[in-house]
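Everything below concerns the one structure shown next.
Protein chains get the first letters and strands the later ones, always in sequence-line order, with residue 1 at the start of each.
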Protein chains: 2
Amino acid sequence: MAGLTDRRTARTQKALHGALMSLILRKGYEAITVQDIIDEADVGRSTFYAHYTGKEDLLRSGFRALRMELAEAQDAAGATSDGSRGEPLGFSLAMFDHAGEYKHIYRALVGERGAVVAVNEIRRILSEIVRKELSGAQGDEAVPGEVRNQFVVGTFVTVLTWWLERRPKLAPSQVDTIFRRLVLNGIGPSRCDTSHQE
Amino acid sequence: MAGLTDRRTARTQKALHGALMSLILRKGYEAITVQDIIDEADVGRSTFYAHYTGKEDLLRSGFRALRMELAEAQDAAGATSDGSRGEPLGFSLAMFDHAGEYKHIYRALVGERGAVVAVNEIRRILSEIVRKELSGAQGDEAVPGEVRNQFVVGTFVTVLTWWLERRPKLAPSQVDTIFRRLVLNGIGPSRCDTSHQE
DNA sequence: GATAATCTCGAACATCGTGTTCATTATCAT
DNA sequence: ATGATAATGAACACGATGTTCGAGATTATC
């Protein structure tokens with residue numbers, strides 16, 4: 001009924017996605033050519049272009065699953081009620097968990113030799129989520145909402161990248177703590193607790 | 001004496017840089033080909049490759065001037081003494097000023113359709129600077145130094161991008177205020193002043 | 001001004017990746 | 001079984017890259 005019928009297309013698309021993932025792990029996204037992908041997937045050239053406009057399109061299509069998974073996680077976490085009352089930044093731990101699970105892929109996508117396309121896609125997904133969570137709570141009026149949003153997303157990507165490249169042994173929860181610390185408090189002098197100064 | 005003699009090479013390099021800048025403003029960095037550059041600069045193809053390995057190399061070489069200019073600005077600002085005592089984040093205003101002066105170029109390089117190479121270059125330059133400034137002051141021990149460094153740089157790029165793309169009318173000093181606010185305080189609940197809660 | 005060094009030119013070339021076309025073959029849904 | 005649809009693979013046009021080389025132009029230096 002729906003569009004998911006024909007087994008042939010499903011098989012082809014699965015093969016192409018698998019090939020892309022293997023290749024990303026093997027040689028990094030940027031270095032991959034369409035030729036590599038169809039060789040690895042053992043699929044005809046014209047077949048590839050019948051499904052996707054290029055490797056970027058193929059990669060992007062892989063993010064739909066992530067988008068949905070995160071949307072559900074957010075709904076589940078924020079199911080407390082209407083707004084964003086459960087936790088300040090409820091999305092972050094779920095996201096770090098997800099990244100921890102597919103650590104190899106994330107590292108290959110997010111690092112220096114990673115895929116800008118992928119990072120942008122992640123940014124876009126996170127922007128939506130953060131916008132919802134931040135819509136209620138209004139903090140500093142000296143800092144416009146848009147830039148606050150971008151700040152949260154940017155910090156997340158920063159911490160994510162640092163984690164995967166420099167401290168892959170850390171647990172998602174530990175990374176999440178660092179993230180929240182930075183986003184909520186910055187790096188300013190300690191904080192309110194009036195610690196001893198001189 | 002030094003390497004800067006021959007007027008021919010100087011002329012050629014200047015022409016190529018100028019051509020690259022014009023093209024960046026006209027059609028964005030990614031869309032530019034070497035052919036475009038040498039047409040615009042009216043320079044032979046082999047001549048181009050005698051000087052640079054590609055458009056990326058050409059772009060990168062343009063950042064040396066910036067690197068030096070910023071190093072001087074930092075030395076001048078931090079000339080107070082040995083360490084980083086003058087201001088917490090002394091580099092930021094100088095950098096925003098510089099970006100404000102060459103606003104068109106920066107916007108074309110930093111935006112969505114900008115040049116990853118350029119942003120990476122900016123990141124690298126800033127990392128050096130921030131590392132020096134942050135080496136003395138040790139804040140939160142729960143947040144490792146490396147990630148704090150990346151956090152500052154990342155936030156700078158975020159604010160810079162937002163400024164150039166969404167609020168180009170703002171003055172550098174205003175943007176700088178927002179940047180410092182975010183870096184030092186984050187977006188945490190109001191502040192220490194124990195405002196009325198319920 | 002003459003000389004030797006060296007920079008520039010431009011055309012030609014090999015190479016590679018892209019994206020399309022089309023007739024043929026294989027697989028699917030029913 | 002059969003009509004519909006997907007996959008194949010070879011061929012093609014195109015555009016960009018990076019290199020080579022001999023001839024000519026510009027330069028530094030004496």
Side-chain angles (χ1 to χ4, degrees), chain A residues 1-62 108-109 113-118, chain B residues 1-62 64 108 113-118:
Chain A
M1 243 182 178
L4 304 182
T5 27
D6 224 323
R7 279 173 274 179
R8 290 172 292 183
T9 59
R11 257 168 31 86
T12 300
Q13 294 182 1
K14 194 163 290 183
L16 289 174
H17 272 109
L20 180 61
M21 291 304 158
S22 300
L23 288 168
I24 285 176
L25 293 177
R26 199 180 312 154
K27 54 190 288 191
Y29 174 80
E30 302 292 353
I32 297 174
T33 73
V34 173
Q35 193 65 49
D36 293 332
I37 299 174
I38 65 183
D39 284 348
E40 176 82 15
D42 195 36
V43 155
R45 183 171 193 72
S46 50
T47 306
F48 177 91
Y49 285 107
H51 288 279
Y52 307 99
T53 70
K55 64 168 179 170
E56 183 172 323
D57 191 29
L58 174 59
L59 178 62
R60 237 190 272 270
S61 80
L109 285 176
R113 63 190 298 231
V116 203
V117 202
Chain B
M1 253 188 170
L4 304 181
T5 25
D6 226 316
R7 279 173 272 178
R8 290 172 292 183
T9 63
R11 257 168 31 86
T12 299
Q13 294 182 0
K14 192 163 290 185
L16 288 175
H17 271 108
L20 180 62
M21 291 305 159
S22 300
L23 287 168
I24 285 176
L25 294 177
R26 198 180 312 154
K27 55 189 292 190
Y29 174 79
E30 302 291 354
I32 297 174
T33 73
V34 173
Q35 193 65 49
D36 292 333
I37 300 173
I38 64 183
D39 285 349
E40 177 81 16
D42 195 35
V43 155
R45 182 169 194 73
S46 51
T47 306
F48 177 91
Y49 284 106
H51 288 280
Y52 307 99
T53 70
K55 65 169 179 169
E56 184 172 321
D57 190 31
L58 174 59
L59 179 61
R60 238 190 271 272
S61 80
R64 287 180 208 158
R113 64 190 297 229
V116 202
V117 203

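Between B:Phe48 atom CZ and D:dT20 atom C1' there is a gap of 17 Å when expressed in whole angstrom units. Counting to the nearest Å, the C1' atom of D:dA10 and the OH atom of A:Tyr49 are 15 Å from each other. Atom CD1 of B:Ile32 and atom C1' of D:dT17 are 16 Å apart (whole Å). Across the protein-nucleic acid pair, B:Tyr52 atom OH and D:dT17 atom P stand 17 Å apart, rounded to whole Å. The interatomic distance linking A:Asp42 (CG) with D:dT8 (C1') rounds to 11 Å, in whole Å. Atom P of nucleotide C:dT18 and atom CG of A:Asp39 are separated by 11 Å, given to the nearest angstrom. With rounding to whole Å, A:Ile38 atom CD1 is found 13 Å from C:dT20 atom C1'. Regarding A:Asp57, its CG atom lies at a distance of 11 Å from the P atom of C:dG19, rounded to whole Å.
An OP1 or OP2 oxygen of C:dC7 is reached within less than 4.0 angstrom by no side-chain nitrogen or oxygen of B:Thr9. Regarding contacts with the backbone of C:dC7, every side-chain N or O of B:His51 stays at 4.0 angstrom or more from both OP1 and OP2.
Side-chain N or O atoms of A:Lys55 include none that pairs as donor or acceptor with a backbone N or O of A:Leu20 at under 3.5 Å.
In plain terms, the two heavy atoms of A:Ile24 and A:Ile32 that are nearest each other are N-CD1, 3.6 Å. Listed here is the closest heavy atom pair of B:Glu30 and B:Ala115: OE2-CA, 3.9 Å.
Looking at the side chain of A:Ser46, the nearest of the listed nucleotides D:dG9, C:dC7, D:dT17 is D:dG9. If you check D:dA11, D:dG18, D:dT8 against the side chain of A:Arg45, the one that comes closest is D:dA11. Nearest to the side chain of A:Asp6, among D:dT5, D:dG18, D:dA7, sits D:dT5. Candidate nucleotides D:dT19, C:dA26, C:dA29 were compared by shortest atom distance to the side chain of A:Arg7, and C:dA29 ranks first.
Using a 4.5 Å heavy-atom threshold, the side chains of A:Arg45 and A:Val34 count as touching.
At a threshold of 4.0 angstrom between heavy atoms, the contacts of A:Thr33 are confined to the sugar-phosphate backbone, with no base atom among them. No contact: B:Asp36 has no heavy atom under 4.0 Å from any strand.
With respect to B:Lys27 and B:Asp36, a salt bridge is recorded, a charged nitrogen being found less than 4.0 Å from a carboxylate O.
Looking at which nucleotide of DNA chain C each of A:Arg8 and B:Thr12 is closest to, the 5′-most match is held by B:Thr12.
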